[in-house]
Every structure is written in C-alpha cells, then in structure tokens.
Visitor: 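Just passing along the structure, written as structure tokens.
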Number of protein chains: 2
Amino acid sequence: MSPEMSLEMSPEMSTETDTLPTCSIARALDLVGDRWALLILREAHRGFTRFADFREVLGIAPNILANRLAALVEAGVLEKREYRAEGERTRSSYHLTPAGVDLKIVLAALQQWGDVHVPRADGPTVLRRNTRTGGLATVGFLDENGEPVPAEDVAFEPVPGGPADRRIWR
Amino acid sequence: MSPEMSLEMSPEMSTETDTLPTCSIARALDLVGDRWALLILREAHRGFTRFADFREVLGIAPNILANRLAALVEAGVLEKREYRAEGERTRSSYHLTPAGVDLKIVLAALQQWGDVHVPRADGPTVLRRNTRTGGLATVGFLDENGEPVPAEDVAFEPVPGGPADRRIWR
DNA sequence: TCCCCTGGGTTGCTCGATGCAACCCAGAAC
DNA sequence: GTTCTGGGTTGCATCGAGCAACCCAGGGGA
C-alpha cells in the first residue's frame, strides 16, 4: 500500500492524468480486469512462479499465458526474473511485485463472495488463514481506528467538485 | 452474506457441484468477471437503475448493455423491475439484489487498489464514506473477533484433503 | 557426435464475443 | 397522427481467445 508504488506504473501509460479513466475501479480493471489475469495472480499468490506451472494448473493456452504474463509485467504486478537450478540452464520465473501482493485483498474479497453466493456443495476449497493466530480471516471494512464498519454503513461518495458527476467517465 | 442467498443462483447453472469451477474466485469471475459487468455494478452501487443511465454514464453499446444486464439478472446480482412514473408508461429498471449488494466490498477493494497503484495526479475521485461516523473506510482483513489482521499475515490455504492440490482446477 | 528431453515460448487458423451504427417498438403528450 | 423518449434488437466488421502445431536453447546420455 506504499505510495511510491506508483513508480512501478506501466511506462507506456501516459503520464497525462486525463487520459486515464477517471474511476480507479476502471483503471484497476484495465490492468487486471480480465478473467485470466486474476486467475494467474491467484496462482502467483499460491506460490507458483513458472510458465509451465501456470499453464498446467490453469489449463491455459500458451500464447494467451505469454500474452497475459507480459501484460502483468508491464502493469507492474508481476516481475520477470531469471533463475537457474543447479545443472540446468537459466529459466524465467514470474514473481509478485508489492503492487501484486496488494491484490491479495481483492482476490480474497472475490473468493469470499464466491464462497457465499456461488457455493459448492462440498464447501470452500481454499481458506484465508491468519498465519499468526491460526484463525480464519475475512475481508471487511475498517474505519480509521481499525474498528470494523458494517458494509451497509459504507457509501461510495464522489469527491465534491470532482469529475464523477453525471458524464461519461467510465 | 446470508447463506440463503444461494437460492438466487442462476437456474440454468448445473446443480452438480463438480461442473462448477473448484475455485470460488473462478466461480465469482464466471458471473461478474468481465470489465463491463463490474463497471455496471459500480454504477448500480452509485444508485443508477435505468438502461439509459447505464448507457450514458458508461458509454456502452446498447446491445452489450442489454446482454450484460440480462447476464447479471440471471446471475442473481441484479433484479429487473417494472416501474411507472406518473403520466408515463411502465419502464424497466435494474436493482441490486442482496448478492449484488455484497459485491460492494469487492468493488471497494478494487477501487482502493487502483487509488494506490494506478493513481491520478488529482487524487481519488470517489471516497468510501462511513455514513454513520462521517469518516472514511478502508478494506482490510479481520479476524473472528473483528480485529484487523495485517495482509501479510493472511495466507490462502487449500482445505486439507480438498481438490485444490496440483491439478487443473481453474 | 548425435539425439532427445524439458521449459518457455511463437505461429496459424478458427470461431465466438465486442463494438458501432442503424433501426424498431410501445405508450404518452401534443 | 405525429413526435418524443426509454428500452431495447439487428447487421455487419473486427478483435481477441482457444487450440494445435511448431520452434529454439541448453544439458544429459549413448
């Protein structure tokens, strides 16, 4: 969540602020908003780093995978590294950047929603574990003091005088 | 977050549990995982309900909008209602179901990520306001007691004996 | 030396989805 | 009975996903 993360923004993306979508949800979706991108990032959070692993576990076509990985690297959420196992040649691997790590909460929120609203009969297959206490974690709203806030008390509020008032703003 | 929400699941979706993707993130993405769906839902959370409003504010082609709205109704996150303003004929409107309302936390998490990692020079345009206290709300992890949990302490953990072990599970 | 294996891709083709433009239809107002 | 407005449908061009096949580099074994 560090503000200096913006240094990792995609370099070809214009620095002119008004060429970006006004809504931060739209900007986020421009980078990670397709099905494969989020599934790849889910696997990255599970610890996968190699092309062949992503391909096997997701059943994704190699050209699509190459395309998505390159886009995610460009978006600054994955980092391509070379590695070499002993007696092997150098290979490529893909690791989460801090921006990618910060997507954990987005994935967790989606997962929590899916578990509740599109359940399987055999229950959740992946849990969100608090590794410090051993308990389970949920995604929720917090106020400035770290106190939980009921979702129904939270409203999206356009900044007064901002551009989010009744025009095409995507 | 009520469990009886599963009654609102898409009726054409098979009840056979093994035809659904194993991962709840994938199941969630099957319903709301394309760019337009999430942007439509964002507008629904801002209070928009009418076809023409969605169309105008998003700049979306009408056939795509009709397609997406129908899919979201079928997915159980929007509900189509007829309404009639006085002196007008009946019209259609689209309202969030409880499942749709529960997506607020997903949209908020995406928005928060976008504000941090793809910022605009003029700052956020939409805030998450705690309507009870007037403060701002953030999205975070909570433990069973409602205490905040640092994101780095939360890990995705496959259920032991579950299907999430090293095969194609999408 | 030659061949094979493995990881990490690229190339070609097909086909469904997306986007735009144009058109349609119902009912109320004039 | 014509117009206006909301809520769509239809036709066509294009784009991207998916699958299959192929490629290429380096290391290991015969």
Side-chain angles (χ1 to χ4, degrees), chain A residues 21 26 29-44 47-75 78-95 166-170, chain B residues 10 12 21 26 29-41 43-44 47-75 78-95 166 168-170:
Chain A
L29 292 176
D30 279 343
L31 299 186
V32 298
D34 70 285
R35 174 183 178 74
W36 285 125
L38 284 168
L39 294 181
I40 290 167
L41 290 166
R42 181 198 66 189
E43 297 308 323
F48 288 95
T49 61
R50 282 151 44 206
F51 190 95
D53 286 340
F54 288 121
R55 189 183 169 185
E56 181 191 354
V57 80
L58 291 173
I60 182 176
N63 52 348
I64 305 297
L65 178 56
N67 184 316
R68 287 289 145 251
L69 287 173
L72 291 170
V73 167
E74 185 132 357
L78 287 182
E79 178 193 10
K80 186 174 185 173
R81 293 186 203 156
E82 310 298 319
Y83 75 99
R84 138 170 276 154
E86 57 275 42
E88 300 268 319
R89 74 180 199 274
T90 62
R91 308 222 182 255
S92 301
S93 60
Y94 297 86
H95 298 260
R166 203 51 187 267
R167 52 184 201 85
I168 297 181
W169 68 308
R170 298 248 289 201
Chain B
S10 163
E12 105 290 13
L29 292 176
D30 279 343
L31 300 187
V32 297
D34 70 286
R35 175 182 177 72
W36 285 125
L38 284 167
L39 294 181
I40 290 167
L41 290 166
E43 298 308 323
F48 289 97
T49 62
R50 282 153 43 208
F51 190 95
D53 286 340
F54 289 121
R55 188 181 170 186
E56 181 192 354
V57 80
L58 292 172
I60 181 176
N63 53 347
I64 305 297
L65 178 56
N67 184 314
R68 286 289 145 250
L69 287 173
L72 291 170
V73 167
E74 185 131 358
L78 287 183
E79 179 193 8
K80 186 174 186 172
R81 293 185 203 156
E82 308 300 318
Y83 74 99
R84 139 169 277 153
E86 58 274 44
E88 300 267 318
R89 76 178 198 275
T90 63
R91 309 223 179 253
S92 301
S93 61
Y94 297 86
H95 298 261
R166 200 50 185 268
I168 297 182
W169 67 309
R170 300 251 284 204

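Nothing here was measured: the structure is a model prediction, and the numbers come from that model. Here is the naming used below: chain letters follow the sequence lines, and residue numbers restart at 1 for every chain.
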Visitor: Of the non-hydrogen atoms in A:Lys80 and A:Ser92, which two are nearest, and what is the gap between them?
Guide: CE-OG, 3.5 Å
Visitor: What's the CD1-P distance between B:Ile40 and D:dG8, to the nearest Å?
Guide: 12 Å
Visitor: Does the side chain of B:Arg68 come within less than 4.5 Å of B:Asp34's, by heavy atoms?
Guide: yes
Visitor: Does any non-hydrogen side-chain atom of B:Thr49 lie less than 4.5 Å from one of B:Arg81?
Guide: no
Visitor: Which pair of non-hydrogen atoms, one from B:Leu38 and one from B:Val32, has the smallest distance, and what is that distance?
Guide: CG-O, 3.3 Å
Visitor: Identify all pairs in which a protein N or O lies below 3.5 Å from an N or O of nucleotides 6-8 of chain C, and state each distance.
Guide:
{"residue": "C:dG7", "atom": "O4'", "partner": "A:Arg91", "partner atom": "NH1", "Å": "2.8"}
{"residue": "C:dG7", "atom": "N2", "partner": "A:Arg89", "partner atom": "NH2", "Å": "3.1"}
{"residue": "C:dG7", "atom": "N3", "partner": "A:Arg89", "partner atom": "NH2", "Å": "3.3"}
{"residue": "C:dG8", "atom": "OP1", "partner": "A:Ser92", "partner atom": "O", "Å": "2.9"}
{"residue": "C:dG8", "atom": "OP2", "partner": "A:Ala52", "partner atom": "N", "Å": "3.4"}

Visitor: What is the separation between atom CD on B:Glu82 and atom C1' on D:dG6, rounded to the nearest whole Å?
Guide: 12 Å
Visitor: For A:Phe54 and C:dG9, what is the distance between atoms CZ and P respectively, to the nearest whole Å?
Guide: 11 Å
Visitor: Taking only the side-chain heavy atoms of A:Asn63 (C-beta and beyond), determine which of C:dT10, D:dC19, C:dC20 contains the nearest atom.
Guide: D:dC19
Visitor: Could you tell me which non-hydrogen atom of B:Phe51 sits nearest to which non-hydrogen atom of B:Leu65, and how far apart they are?
Guide: O-CD2, 3.4 Å
Visitor: Using atom names, set out every protein N or O paired with an N or O of nucleotides 13-17 of chain D below 3.5 Å, distance rounded to 0.1 Å.
Guide:
{"residue": "D:dA17", "atom": "OP1", "partner": "A:Arg68", "partner atom": "NH2", "Å": "2.2"}

Visitor: Five pairs at each end of the helix from C:dT1-D:dA30 to C:dC30-D:dG1: take the axis at both ends and give me the angle between them to 10°.
Guide: 10°
Visitor: Do A:Phe54 and A:Leu39 have side chains that approach each other closer than 4.5 Å (heavy atoms only, starting at C-beta)?
Guide: no
Visitor: Quick one: side chain to side chain contact (heavy atoms under 4.5 Å, CB included) partners of B:Ala61, sequence neighbours excluded?
Guide: B:Asn63, B:Ile64
Visitor: The criterion is side chain to side chain contact (heavy atoms under 4.5 Å, CB included); which residues satisfy it with A:Ala52, sequence neighbours excluded?
Guide: none
Visitor: Rounded off to whole Å, could you give me the CD-to-C1' distance for the B:Glu56 and D:dT5 pair?
Guide: 13 Å
Visitor: Nearest heavy-atom pair of A:Asp53 and A:Phe48: which atoms, and what distance?
Guide: CB-CD2, 3.4 Å
Visitor: My understanding is that only residues two or more places apart in sequence, or in another chain, count here; which of them pass side-chain hydrogen bond (donor to acceptor under 3.5 Å, both in side chains) with B:Ser93?
Guide: B:His95
Visitor: What closest approach, in Å, do A:Leu78 and A:Tyr94 show between heavy atoms, and which atom pair accounts for it?
Guide: CD1-CB, 4.3 Å
Visitor: Could you tell me the separation between the CZ atom of B:Arg35 and the P atom of C:dG19, rounded to a whole number of Å?
Guide: 9 Å
